[in-house]
Amino acid sequence: GMGFRDSCQDLLGFVHLIPDRARERLLDIAATQFEDGSAYHQYQPLTKKGNMDIGSGFNDDPLWLIAGCAAYIKETGDFSILDEQVDFDNDSTKAQPLMEHLKRSFDFTVTHLGPHKLPLIGRADWNDCLRLGKNGESSFVALQFYYAMTILKQFAAYKEDQAYMDYLEEEQKKLGTLINNLCWNEDRFIRGFTEAGEVIGKRTDPEANMWLNPQSWAVISGLATKQQAELSMENVRKRLNTEYGAILMDPPYHLHAFDGALAVIYNPGTKENAGIFSQSQGWLILAEALLGHGD
């Protein structure tokens, strides 16, 4: 099947090469979205339908559509895509402008917050092996959410929707304070909270106490202060960097994995258990570039 998240991520890599095809793909992906803003995690390209039993409930999915649209508009300046009529779940009777789809992506996250008022992780987020439970919360999704607000404010400006801009501004300030209070841990951002409230990725954990993606996304999102960004990214350089790219986290899980740490089924240094993934290298490079670390 086609991945909703994966296809939006792919756009970030090829939009500058074939922007027309990127536009087509964005509209095609958006047409599989549900009216509540959620999405098939994976769907068949011919039927545009997915298997909900194996392909749903990943709460980062809707937010990738916002990032994909931002990448396309930054590259082309074509804000008109936001006015395109796009089906929900490929039902032409439910077509709405693409901007409405993005608002629904945002609203889905707003209505799926956990005990700390951070976004629920759902089945998992980008890390498919990180299962934090029904009420588990993801710092990665929270940082995506913060970034999505910055994007939507720019889109709302294009639509001359001052009320929505004001709403986003207020919500972003509240979320930023929340993330800083809950997720900043001395010199790094944590990975999230389990359903039981256990902190994942804190400095004193015996294993998996340093995670790559929260550090890079804290910079990409614009949330991290200069001091936070320098501290956490220096940790990434020291702890996670290798000759072949940065590993996902360190130390790998071995003796101290929590119940939802499915990465422990893999040998240390492979797959989600401190392996090296392509997408996360791109985010790391982007974060370093944003900090002015050109080397």
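When reading the values below, keep in mind they use all heavy atoms of this one structure, side chains included, and skip hydrogens, waters and symmetry mates.
Rounded to the nearest 0.5 angstrom, K238 NZ and D250 CG are separated by 13.5 Å. To the nearest 0.5 Å, atoms CG (D187) and CD (Q227) are separated by 10.5 Å. The distance from the CD1 atom of I121 to the CG atom of D60 is 8.0 Å, given to the nearest 0.5 Å. Rounding to the nearest 0.5 angstrom, the gap separating the CZ atom in F58 from the CG atom in N127 is 10.5 Å. Here F79 contributes atom CZ and M99 contributes atom CE; the two are 10.0 Å apart, rounded to the nearest 0.5 Å. Rounded to the nearest 0.5 Å, atoms NZ (K117) and NZ (K174) are 10.5 Å apart.
Side chains of Q172 and K153 form a contact here, defined as non-hydrogen atoms less than 4.5 Å apart. Put simply, the side chain of T32 reaches to within 4.5 Å of the side chain of N90, judged on heavy atoms. The shortest side-chain heavy-atom distance between E207 and L255 falls under the 4.5 Å cut-off. Annotation: side chain of D83 is not in contact with side chain of P97 (no heavy-atom distance under 4.5 Å). Between R23 and E84, some side-chain heavy-atom pair lies under the 4.5 Å cut-off. A heavy-atom distance below 4.5 Å is not found between the side chains of M233 and L290. In this structure, N209 and R203 have side chains that are not in contact, with every pair of non-hydrogen atoms separated by 4.5 Å or more. Side chains of S138 and R191 form a contact here, defined as non-hydrogen atoms less than 4.5 Å apart.
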### Task
Applying side chain to side chain donor-acceptor pair (under 3.5 Å), run through Q144 and D125 and close with a yes or a no.
CA-CA 11 Å; Q144 275 190 286; D125 58 20; over 6 Å; no
### Message
side chain to side chain donor-acceptor pair (under 3.5 Å), that's the test. Do D89 and Y43 meet it? Break it down for me.
### Response
CA-CA 11 Å; D89 199 18; Y43 62 91; over 6 Å; no
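By the 4.0 Å N-to-carboxylate-O rule, R131 lies too far from D259 to be salt-bridged with it. A salt bridge is defined here as a Lys NZ or Arg NE, NH1 or NH2 lying under 4.0 Å from an Asp or Glu carboxylate O, and K202 with D205 meets this definition. For D87 and K48, the salt-bridge test fails: no basic side-chain N is under 4.0 Å from an acidic carboxylate O. R21 and E24 are joined by a salt bridge, as a carboxylate oxygen and a charged side-chain nitrogen come within less than 4.0 angstrom of each other.
Smallest separation of non-hydrogen atoms from Q215 and S232: OE1-CB, 3.3 Å. Residues K134 and L120 come closest through the heavy atom pair O-CD2, 3.7 Å. Looking at every heavy atom in both residues, L65 comes nearest to S105 through CD2-OG, 4.2 Å. Closest non-hydrogen pair, N273 versus Y253, comes out as OD1-N, 2.7 Å. Considering all non-hydrogen atoms of both residues, L102 and C69 come closest at CD2-SG, 3.9 Å. Taking every heavy atom of both residues into account, G1 and Q44 meet most closely at CA-NE2, 3.8 Å.
Other residues, nucleotides and ligands place more than 12 heavy atoms under 6.0 Å from the CD atom of Q85.
Cation-pi geometry between K103 and Y164 is met: the NZ or CZ atom falls under 6.0 Å from the ring centre, inside 45° of the normal.
Applying the ring-ring contact (aromatic ring centres under 6.0 Å, His included) test to residues at least two apart or on different chains, the pairs with a partner in residues 256-295 are W64-W283, W126-F277, W126-W283, F140-W283, W217-W283.
For W184, the ring pair (Phe, Tyr, Trp, His ring centres under 6.0 Å) criterion is met by F189, not counting sequence neighbours.
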